[in-house]
Amino acid sequence: MTQDFNDLVFTCIDETLAEVVGVTIRDAIYFKEGRRTEDLSRHIKGLFAILEKTLGPGLTRAISLTIAKRLYSELHISFAEKPNSDFVDYVEEAKRQRT
Amino acid sequence: MLDKSLSQVVPGEHPGRITKDLWLAGVLAVAFAAFYILAQSLAQELLVLSTDILFIAISGVCSLLGLLVVRRWGFKGKFGVAHLGLFLVVFLWFLGETVWGIFEVVLRVDVPYPSIADVFYLAGYLPAFIGMEQFLWFFRKEFTPQKLAVAAFSGLAIVFSSSVVLLYPLMAESADILTKLFDVGYPLLDDLLMVFAVMMAMILRKGRFANDWLWIALGMLLHALADIAFSYGTLTGWYYSGHPIELFYVYGYLALGLGFAHQTRSLDGTA
């Protein structure tokens, strides 16, 4: 079940990044990030650190919200934006609501 | 594969809004052309005044839209630096247009070229180059020989056009060396900016920002064509302030403005 959830998060990240910044940039960012780890939150933190360096905090936040909205939509749970939450918080919240 | 497409979750720009923008750009393009045609019948002083005001206004609006992009996405990160560079180029061109207007309308200098206005026009290129170069260098490994060839070909077309148009008058006319340097320099600098913008569009291909960069590339292309025509006109002596050839500049600002406006709305629905 956890594996399914992690796969869904990875798919949301993959597809959203491809549709927002294009496949070329997405793949280049993945390449710079290195091998995907099994630890989801560590993977997300590493990925968003590179995104911030590349796209800046403004666009990175908008992308993280976009991915979060997509994840919640796929899980059929309602999304509410919280001022001090980052993407990891949204993922944890989604996992909690799902179980 | 996800159940819902991105557009269903975060709509970004509404398709109706894009159509509305294109219509607006089309209407404005026709209106500016009509304005230039009608203005030709005005007295020279009025023609200069009205076209100078138009240039200051359109470059001012363009700067404002560039600023909104920086405000929306910030100026940090490689992409942010590219946005900041683009805002600075249009803002410095706006200052250049204002200084040009002051020279013509207040100081009564006929076609102030070269002048202090050129300092602002030229200064704009530097931040734009630095901004886009930072982003492109970061992703340099993604440029295949085919992509580089497409970008280089688009640039060479302008270099070839400017060589064909400007080579003979540059050799035949007796302008000073600084003027001749500017005559060659402006189209080449615009050309380089256009190539960079094409490369940005290529690397962001199929993403939500790709079309915005194509508009920006079109804006730079129109500026390059305008500069070639301006250089040819001033060298051969047929250019006067308010000449319809200036429409290339106006349309260039229009395309840049459209690119900026779309960039602010690429992820509408997010904070």
Side-chain angles (χ1 to χ4, degrees), chain A residues 4-5 7-33 48-87 90, chain B residues 1-13 68-85 131 134-144 146-147 199-214 263-271:
Chain A
D4 287 349
F5 179 79
D7 286 343
L8 179 65
V9 175
F10 285 134
T11 309
C12 283
I13 293 172
D14 283 354
E15 292 198 12
T16 307
L17 278 179
E19 287 176 57
V20 174
V21 292
V23 179
T24 311
I25 299 251
R26 183 199 66 183
D27 291 350
I29 285 169
Y30 283 167
F31 183 75
K32 282 179 192 292
E33 187 204 1
F48 277 83
I50 295 177
L51 278 177
E52 212 164 293
K53 190 181 165 194
T54 317
L55 307 174
L59 185 53
T60 302
R61 179 161 171 74
I63 288 173
S64 74
L65 282 173
T66 307
I67 301 169
K69 279 182 183 179
R70 212 163 178 195
L71 175 68
Y72 278 56
S73 161
E74 291 295 320
L75 294 169
H76 303 289
I77 51 178
S78 63
F79 178 80
E81 196 184 326
K82 290 166 191 161
N84 295 319
S85 294
D86 62 13
F87 185 67
Y90 289 123
Chain B
M1 193 72 187
L2 301 175
D3 294 338
K4 287 183 182 173
S5 72
L6 180 64
S7 306
Q8 286 174 284
V9 183
V10 175
E13 265 199 296
L68 287 177
V69 176
V70 175
R71 203 170 157 241
R72 176 83 165 105
W73 303 124
F75 52 84
K76 289 179 183 167
K78 309 288 176 195
F79 208 34
V81 175
H83 288 144
L84 182 66
Q134 292 266 308
F135 189 83
L136 294 170
W137 185 253
F138 193 75
F139 292 107
R140 62 191 177 281
K141 286 179 184 158
E142 307 311 315
F143 285 102
T144 56
Q146 288 94 332
K147 280 182 185 166
M199 288 168 87
M200 293 287 291
M202 280 197 295
I203 204 167
L204 289 159
R205 200 169 68 92
K206 291 188 178 171
R208 287 209 173 172
F209 292 89
N211 284 346
D212 314 342
W213 282 94
L214 282 179
Q263 281 206 339
T264 60
R265 306 195 299 238
S266 294
L267 277 175
D268 264 6
T270 57

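The sequence lines fix the lettering, A, B, ..., with proteins before strands; numbering per chain opens at 1. Only this structure's heavy atoms are used, side chains among them; waters, hydrogens and symmetry mates stay out.
- Using a 4.5 Å cut-off between heavy atoms, A:Ala18 touches chain B through its backbone atoms (N, CA, C, O) alone.
- The NZ atom of B:Lys141 sits 14.5 Å away from the CG atom of A:Asp27 when rounded to the nearest 0.5 Å.
- Highest contact tally toward chain B, considering only A:Lys32, A:Arg26, A:Glu52, is held by A:Lys32 [criterion: heavy-atom pairs under 4.5 Å].
- Neither the backbone nor the side chain of B:Phe75 comes within less than 4.5 Å of any heavy atom of chain A.
- Of the listed residues (A:Leu55, A:Thr24, A:Thr54), the one with the most heavy-atom contacts under 4.5 Å to chain B is A:Thr54.
- Looking at A:Val23, the atoms closer than 4.5 Å to chain B (heavy atoms on both sides) all sit in the backbone: N, CA, C or O.
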(message) Please determine whether side-chain contact (heavy atoms from CB on, under 4.5 Å) holds for the pair B:Phe79 and A:Thr60, giving the CA-CA distance in whole Å, both sets of side-chain angles, and the decisive distance to 0.1 Å.
(response) CA-CA 11 Å; B:Phe79 208 34; A:Thr60 302; over 6 Å; no
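- Of the atoms belonging to B:Phe138, heavy atoms from both backbone and side chain fall under 4.5 Å from chain A.
- B:Phe209 is listed as a side-chain neighbour of A:Leu59, based on a closest heavy-atom distance under 4.5 Å.
- Within a 6.0 Å radius of NZ in B:Lys147, other residues, nucleotides and ligands contribute more than 12 heavy atoms.
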